[in-house]
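Here is the structure we will look at, set down as structure tokens.
Note that the numbering runs from 1 along the sequence shown for the chain.
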Amino acid sequence: MTLSRNEFAVLAVLAQDQRIASQRGLSDACGLSLGTVNKALRSLAERDEVDGYRLTDAGLAALEPYRVKNAIIMAAGLSSRFAPISYEKPKGVLTVRGEVLIERQIRQLKEAGIDDITVVVGYKKEHFFYLDDAFDVSIVVNPEYAERNNNSTLMEVADRLGNTYICSSDDYFTENPFRAYEWKAFYSVQYEAGKTDEWCVEVGAGDRLIDVTIGGRDAWVMMGHAYFDRAFSERFVGFLREDYDKPETAGKLWESVMVDHIDDLDMVVKRYDPSIIFEFDSLDEVRDFDPAFIENVDSRIFDNICSVLECSPADIRDIEPIKQGLTNLSFRFTVAGSPYVYRHPGAGTDAIINRSSEAISQKVAAGLGIDGTFIHEDEREGWKISRFVLDARPLDYRDEEDLALAMGIARKLHESGADSGYAFDIHEDTKKTIALLDAKRRTAFRDFGDLYVLADTLDAMVKADGLAPVLCHNDFYPPNFLVTSNEIDLIDWEYSGMSDYASDLAVFICCSDYTYDEAMHVLEVYFGRPLTQEELFHCVAYICVVSFHWFIWALYQDMCGSPVGELLYLYYKYTKLYGAHAMEMARELKREMA
């Protein structure tokens with residue numbers, strides 16, 4: 001027989017606390033009025049499910065369908081908003097108020113009698129493996145954590161969902177919110193006064209969740225854990241399987257999938273006092289909760305900043321992730337009111353970047369007045385600290401003044417006579433990156449082999465020109481220019497080295513949306529005159545070679561879990577376009593020489 005909400009509340013409290021010996025004590029423990037408790041006790045007694053204030057065997061049997069069987073702790077995500085600590089370790093293994101977040105939550109679950117606990121991991125998963133032996137939990141790896149949102153985590157454990165708590169590894173509960181029994185599926189909520197960006201709930205009769213909106217004012221917001229009962233789990237998993245392969249589902253939270261089907265899912269809200277559940281979306285939030293956190297946190301990134309800027313961890317404020325980077329993780333911060341940027345090397349970049357050459361080039365650029373942001377770079381590990389330029393904008397491809405400034409910087413660099421001591425052969429680098437690609441990404445393009453032959457042929461032709469290498473940036477495109485009203489800085493020297501001068505021109509063009517004629521205009525601005533046929537062939541051929549290089553780079557980034565979107569197609573298209581023009585020019589030059 002199904003229990004009413006009040007009957008369940010009485011039985012669950014009596015099962016939990018055998019010291020209760022009065023209706024007043026039971027009323028206080030249940031949060032129900034004396035009249036409501038009295039009515040529930042009478043109906044339970046009529047069914048022999050209670051004897052006074054003690055549960056009978058029948059009462060325990062009536063509670064059994066409501067027993068929480070297990071818990072899923074989601075720990076696969078990147079926690080990108082928790083930069084920079086999340087660059088080094090997952091948020092769930094951080095120590096807050098003296099306890100590791102996920103360990104505290106596991107202990108609270110076990111205190112409630114829930115021993116079947118699954119931790120789903122992904123990002124930096126190895127940090128969680130110790131929990132298997134230390135707490136006797138099950139570890140499940142989510143292989144799709146980088147490509148999908150947390151809906152993939154629940155799909156990975158869909159067969160484990162029943163009467164199940166759904167938890168996040170980085171929540172902190174000041175009081176244990178877990179219980180051995182739960183009446184039905186719920187999402188925990190807390191009241192937030194004033195304006196909020198959280199997910200605000202709308203409830204109907206019986207506190208049933210009927211709608212969710214992102215952002216609002218003076219609202220109950222979704223905060224903390226959820227609970228699925230068997231009926232909810234069965235229906236939700238059905239909807240998740242139905243929607244999973246739809247392109248729009250990949251980026252959704254599991255909560256979004258739930259909201260999409262909210263009319264067909266029976267879930268209530270469970271209200272908590274605002275002092276009980278804490279979610280930390282930034283370092284400043286956890287610093288407010290635990291003032292000692294920053295001073296005690298084990299972070300090499302913080303140590304690096306303190307050693308270079310001669311400050312303490314407490315001086316590092318206003319941390320804000322920067323999302324523009326394609327190969328690295330970066331964040332903005334302030335020390336003593338001055339803004340800075342910390343660059344943390346991205347996954348896999350150590351295999352394709354020469355950090356020593358980058359550091360030498362940075363110093364040359366600073367000396368030439370090309371990059372005034374540089375402060376320090378670690379040549380071995382690749383982390384870097386720079387000044388943050390306020391109110392800067394990227395270079396505008398179609399602004400003639402910006403174009404002239406960019407080409408002037410290129411000539412200044414190329415004519416500097418500086419030597420980084422590192423020869424960067426972009427096509428040889430391409431070959432190395434191809435060796436790192438898996439077969440799936442190579443075979444996804446039918447003409448992959450043709451593109452390689454085209455770029456390889458043109459690379460041999462331009463090398464036959466015998467031009468001496470010069471110091472090049474090799475990542476010479478608008479986002480790496482910081483333009484203000486009185487200066488321009490060229491930043492991000494990762495790919496710098498001694499190269500063909502055309503490398504910088506080719507990168508500039510292949511990352512644009514220029515037409516072919518517009519690209520030819522860029523070349524004339526650089527030279528300050530019309531190009532000879534030989535110069536034109538050399539540059540156009542190099543645009544093909546460089547476009548192919550960045551096409552391969554884009555495939556590698558995709559393999560590393562950092563897809564670059566439409567740039568992949570852009571590089572593919574320009575490899576073919578400029579390759580065709582260069583081959584026609586080569587044939588014309590050959591005819592003229594014959």
Side-chain angles (χ1 to χ4, degrees), residues 1-73 105-118 135-138 157 159-167 173 175-188 206-208 225-237 265-272:
M1 180 176 177
T2 301
L3 296 171
S4 72
R5 189 171 193 168
N6 295 335
E7 290 170 343
F8 166 81
V10 169
L11 284 182
V13 166
L14 292 178
Q16 179 180 326
D17 189 350
Q18 298 180 6
R19 296 169 301 174
I20 292 176
S22 68
Q23 285 197 22
R24 171 61 66 185
L26 187 55
S27 173
D28 291 341
C30 292
L32 300 174
S33 69
L34 281 170
T36 300
V37 167
N38 182 272
K39 181 179 178 181
L41 278 173
R42 285 201 307 270
S43 66
L44 293 170
E46 288 172 1
R47 298 198 298 268
D48 295 324
E49 292 171 351
V50 295
D51 181 6
Y53 298 104
R54 297 288 178 268
L55 262 69
T56 64
D57 289 343
L60 287 171
L63 266 182
E64 189 57 30
Y66 302 89
R67 182 184 294 277
V68 180
K69 295 296 186 181
N70 66 330
I72 305 295
I73 302 180
Q105 195 166 157
I106 291 171
R107 281 191 288 268
Q108 288 177 324
L109 284 163
K110 287 181 174 289
E111 286 169 6
I114 301 152
D115 293 318
D116 183 353
I117 301 170
T118 299
F135 291 92
D136 191 26
V137 300
S138 174
V157 293
D159 61 336
R160 304 187 186 204
L161 300 180
N163 280 5
T164 308
Y165 279 124
I166 308 298
C167 309
F173 304 106
E175 298 177 10
N176 193 339
F178 305 116
R179 301 290 180 265
Y181 303 94
E182 295 287 0
W183 180 58
K184 69 184 304 182
F186 70 79
Y187 207 110
S188 56
D207 276 343
R208 186 177 184 276
H225 59 299
Y227 174 70
F228 293 4
D229 59 27
R230 289 185 185 84
F232 183 95
S233 290
E234 182 178 348
R235 301 215 72 183
F236 176 79
V237 168
L265 291 168
D266 188 10
M267 173 175 273
V268 298
V269 299
K270 189 170 185 179
R271 292 175 171 83
Y272 287 88

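For the atom pair CZ (Arg235) and CG (Leu265), the distance works out to 6.5 Å, reported to the nearest 0.5 Å. Remark: Leu14 CG to Asp51 CG distance equals 11.0 Å, nearest 0.5 Å. Rounding to the nearest 0.5 Å gives a distance of 7.0 Å between CG of Asn163 and OG of Ser233. Annotation: the span from Leu55 atom CG to Leu63 atom CG amounts to 6.0 Å, rounded to 0.5 Å. The distance from atom OG of Ser22 to atom CG of Leu34, rounded to the nearest 0.5 Å, is 8.5 Å. Within the model, atoms CD1 of Ile114 and CD1 of Ile106 stand 12.5 Å from one another, a figure rounded to the nearest 0.5 Å.
Between the side chain of Asp229 and the backbone N or O of Phe232 there is at least one donor-acceptor pair closer than 3.5 Å. The backbone N or O of Leu32 sits less than 3.5 Å from a side-chain atom of Ser27, completing a donor-acceptor pair. For the pair Thr56 (side chain) and Asp48 (backbone), a donor-acceptor distance under 3.5 Å is present. No side-chain donor-acceptor contact under 3.5 Å links Asn6 to the backbone of Thr36. Of the possible polar contacts, one joining the Asn70 side chain to the Arg160 backbone as a donor-acceptor pair under 3.5 Å is found. No donor-acceptor pair under 3.5 Å is formed between the side chain of Thr164 and the backbone N or O of Ala71. Put simply, the side chain of Ser138 never gets that close to the backbone of Thr118: no donor and acceptor are under 3.5 Å apart. Within the 3.5 Å criterion, the main-chain N or O of Ala231 finds no donor-acceptor partner in the side chain of Glu234.
Identified under the salt bridge (Lys or Arg N to Asp or Glu O under 4.0 Å) test for residues 59-68, with sequence neighbours left out: Glu64-Arg67, Glu64-Lys69. Among residues at least two apart or in separate chains, salt bridge (Lys or Arg N to Asp or Glu O under 4.0 Å) pairs with a member in residues 16-40 are Asp17-Arg19.
Contact detail for Lys270 and Tyr272: the closest heavy-atom pair is O-CD1, 3.3 Å. Between Ser43 and Glu7, the shortest heavy-atom contact is OG-OE2, 2.7 Å. The nearest pair of heavy atoms linking Leu3 to Trp183 is O-NE1, 3.4 Å. Here the shortest heavy-atom pairing between Arg5 and Gly206 reads NH1-O, 3.3 Å. Minimum interatomic distance between Cys30 and Ala9 (heavy atoms only, all atoms of both residues): SG-O, 3.7 Å.
A salt bridge is defined here as a Lys NZ or Arg NE, NH1 or NH2 lying under 4.0 Å from an Asp or Glu carboxylate O, and Asp207 with Arg271 meets this definition. Classification of Glu111 and Arg179 as a salt-bridged pair fails, no side-chain N sitting under 4.0 Å from a carboxylate O.
Side-chain contact between Ile117 and Ile72 is absent, with no heavy-atom pair separated by less than 4.5 Å. Looking at heavy atoms from C-beta onward, Asn176 lies out of side-chain contact with Leu109 at the 4.5 angstrom threshold. Between Tyr181 and Gln16 there is no side-chain heavy-atom pair separated by less than 4.5 Å. By the 4.5 Å heavy-atom criterion applied to side chains, Leu26 and Val13 are counted as neighbours. The closest side-chain heavy-atom distance from Leu41 to Val37 is below 4.5 Å.
Within 6.0 Å of CG in Asp159 there are more than 12 heavy atoms belonging to other residues, nucleotides or ligands. A 6.0 Å sphere centred on CD of Gln23 holds more than 12 heavy atoms belonging to other residues, nucleotides or ligands.
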Val269 vs Phe186, test: side-chain contact (heavy atoms from CB on, under 4.5 Å). Steps then yes/no. CA-CA 5 Å; Val269 299; Phe186 70 79; over 6 Å; no
Mind running side-chain contact (heavy atoms from CB on, under 4.5 Å) on Lys184 and Tyr227 for me, showing each step along the way? CA-CA 8 Å; Lys184 69 184 304 182; Tyr227 174 70; over 6 Å; no
Check against side-chain contact (heavy atoms from CB on, under 4.5 Å), Asp115 and Asp136: CA-CA 8 Å; Asp115 293 318; Asp136 191 26; over 6 Å; no
Using the rule given for side-chain contact (heavy atoms from CB on, under 4.5 Å), can you reason through Ile166 versus Leu161, listing the C-alpha separation, both sets of side-chain angles and the distance that settles it, and then say yes or no? CA-CA 9 Å; Ile166 308 298; Leu161 300 180; 3.8 Å; yes
Run the side chain to side chain donor-acceptor pair (under 3.5 Å) test on Gln18 and Tyr53 for me, step by step, so that the C-alpha distance in whole Å, both residues' side-chain angles and the decisive distance to 0.1 Å come before the verdict. CA-CA 8 Å; Gln18 298 180 6; Tyr53 298 104; over 6 Å; no
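The distance between the ring centers of Phe173 and His225 falls below 6.0 angstrom.
Using a 30° and 60° split on the angle between ring planes, Phe8 and Tyr66 fall in the tilted class, from 30° to 60°.
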